[in-house]
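See structure below.
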There are 2 protein chains.
Amino acid sequence: MAEDYVELIAELIESRGEARPVEIAERFGVKPPTVTKNISRLKAAGLVRREPYRAIFLTDAGRELAEACRRRHRIVVAFLLSLGIDEETAERDAEGIEHHVSTTTLEAFEHALLQSQSGK
Amino acid sequence: MAEDYVELIAELIESRGEARPVEIAERFGVKPPTVTKNISRLKAAGLVRREPYRAIFLTDAGRELAEACRRRHRIVVAFLLSLGIDEETAERDAEGIEHHVSTTTLEAFEHALLQSQSGK
DNA sequence: TAGATAAATTAGCCGTGTCTAACTTTTGAA
DNA sequence: TTCAAAAGTTAGACACGGCTAATTTATCTA
């Protein structure tokens with residue numbers, strides 16, 4: 001959960017300037033109270049900083065986690081695309097797959113990606 | 001959960017002749033009461049047939065699901081191995097990845113596998 | 001075959017992530 | 001500037017998947 005949330009929060013801050021519960025709820029297909037509860041868990045975990053009724057900010061730890069997740073996400077998506085999978089499926093499957101990819105496997109994806117690019 | 005269970009149950013029936021809660025608990029690193037509870041959920045879902053204190057059997061639906069899962073598992077593992085990932089990591093990661101692989105992606109894995117074999 | 005051991009179940013607890021209903025705070029428009 | 005709509009929160013419920021402790025059933029062995 002935490003990974004998906006910080007990833008999305010980082011995206012929203014970048015594109016919209018701030019992250020709001022209502023947007024998070026829409027993107028995850030979940031109701032607002034669920035977001036409230038999960039954000040407070042993130043806060044308890046030290047990933048997020050926030051006051052009630054205000055926008056959500058990432059702590060340094062949150063920002064670092066978000067960056068790592070986004071990088072991994074990009075690699076997994078690019079790898080799936082390199083196999084000829086369509087963008088929509090690649091995005092959807094990556095969302096699930098990325099949380100189960102070890103460092104070893106992620107590196108193998110990167111390596112395969114380089115091969116496919118050189119031999120494109 | 002259901003997928004992992006029927007997959008293992010099918011394996012146990014093949015190798016041991018029957019599937020017993022104690023074996024399932026060991027393989028999943030979980031305590032026996034957890035297995036009891038999950039088996040009864042599987043039964044409620046029509047995937048498993050069984051009487052208390054007896055071995056566990058798959059229904060037709062359970063057998064079909066198990067077969068599909070095992071096939072998918074084999075493909076994912078083989079694909080990871082083809083990327084040069086070590087067996088232990090391939091097995092471990094496949095366990096997590098396989099549940100998030102769409103039919104499209106599975107086919108792409110199979111296709112890539114064929115390519116790597118012909119060009120091995 | 002009786003009794004000890006192993007296997008399985010039941011009862012009851014916990015954390016996670018979801019929901020609805022009801023309430024509060026913020027905001028924006030008349 | 002007020003007040004209605006939108007956004008957010010709180011309270012309380014539920015399913016899932018895990019646990020421990022206690023009990024029951026099955027199995028094996030002396």
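Only this structure's heavy atoms are used, side chains among them; waters, hydrogens and symmetry mates stay out. Within every chain, numbering begins at 1; the chains are lettered A, B, ... in the order of the sequence lines, protein sequences first and strands thereafter.
- For S15(A) (side chain) and E11(A) (main-chain N/O), a donor-acceptor pair under 3.5 Å exists by modelled atom type.
- Taking atom CG on L42(A) and atom C1' on dT16(C), their separation rounds to 13 Å, with Å as the unit.
- Residue P33(B) is classed as a base contact, given a heavy-atom separation below 4.0 Å to a base.
- When distances are taken from the side chain of P32(B) to each of dG17(C), dT9(C), dG18(D), the shortest belongs to dT9(C).
- The side-chain heavy atoms of H100(B) and D93(A), taken from C-beta on, include no pair separated by under 4.5 Å.
- The side chain of R54(A) places no N or O atom within less than 4.0 Å of a non-bridging phosphate oxygen (OP1 or OP2) of dT9(D).
- In this structure, CD of E23(A) is placed 15 Å from P of dA6(D), rounded to the nearest angstrom.
- Comparing dC19(D), dG8(D), dT9(C) against the side chain of Y53(B) picks out dT9(C) as the nearest.
- Taking both residues in full, the closest heavy atoms of H73(A) and A94(A) are given as CE1-CB, 4.2 Å, listed atom of the first, atom of the second, then distance.
- If you check dG17(D), dG17(C), dG8(D) against the side chain of R50(A), the one that comes closest is dG8(D).
- In this structure, of dA8(C), dC19(C), dT18(C), it is dT18(C) that holds the atom nearest to the side chain of K37(A).
- Although no hydrogens or angles enter the test, the distance criterion places no donor-acceptor pair under 3.5 Å between the side chain of S82(A) and the main chain of L113(A).
- The closest side-chain heavy-atom distance from I13(B) to I56(B) is not below 4.5 Å.
- Mapping G29(B) and R20(B) onto DNA chain D by nearest heavy atom places G29(B) closer to the 5' end of the strand.
- Across the protein-nucleic acid pair, I56(B) atom CD1 and dT9(C) atom P stand 8 Å apart, rounded to whole Å.
- Spacing between atom CD of E26(A) and atom C1' of dA7(D) amounts to 11 Å, rounded to whole angstrom units.
- Protein atom CG of N38(B) is 12 Å distant from nucleotide atom P of dT9(C), rounded to whole Å.
- Look at NZ on K31(B): it is 18 Å from C1' on dG12(C), rounded to the nearest Å.
- Ranking dG18(D), dA7(C), dG8(D) by closeness to the V22(B) side chain, first place goes to dA7(C).
- Put simply, T34(A) has no side-chain N or O that comes within less than 4.0 Å of OP1 or OP2 on dT18(C).
- Residue H99(A) contributes atom NE2, which lies 11 Å from atom P of dG17(C) at whole-angstrom precision.
- Where P21(B) and A2(A) each meet DNA chain C at their nearest nucleotide, the meeting point lying more 5' is that of P21(B).
- Distances were taken from every side-chain heavy atom of M1(A) (C-beta onward) to each of dT10(D), dG17(C), dT18(C); the shortest belongs to dG17(C).
- Across all strands shown, V35(B) has no heavy atoms under 4.0 Å from either base or sugar-phosphate atoms.
- No donor-acceptor pair closer than 3.5 Å links the side chain of R50(A) to the backbone N or O of K43(A).
- The phosphate of dT18(C) has neither OP1 nor OP2 within less than 4.0 Å of any side-chain N or O from R41(A).
- Rounded to a whole Å, the CD1 atom of I39(B) is 13 Å from the C1' atom of dG17(D).
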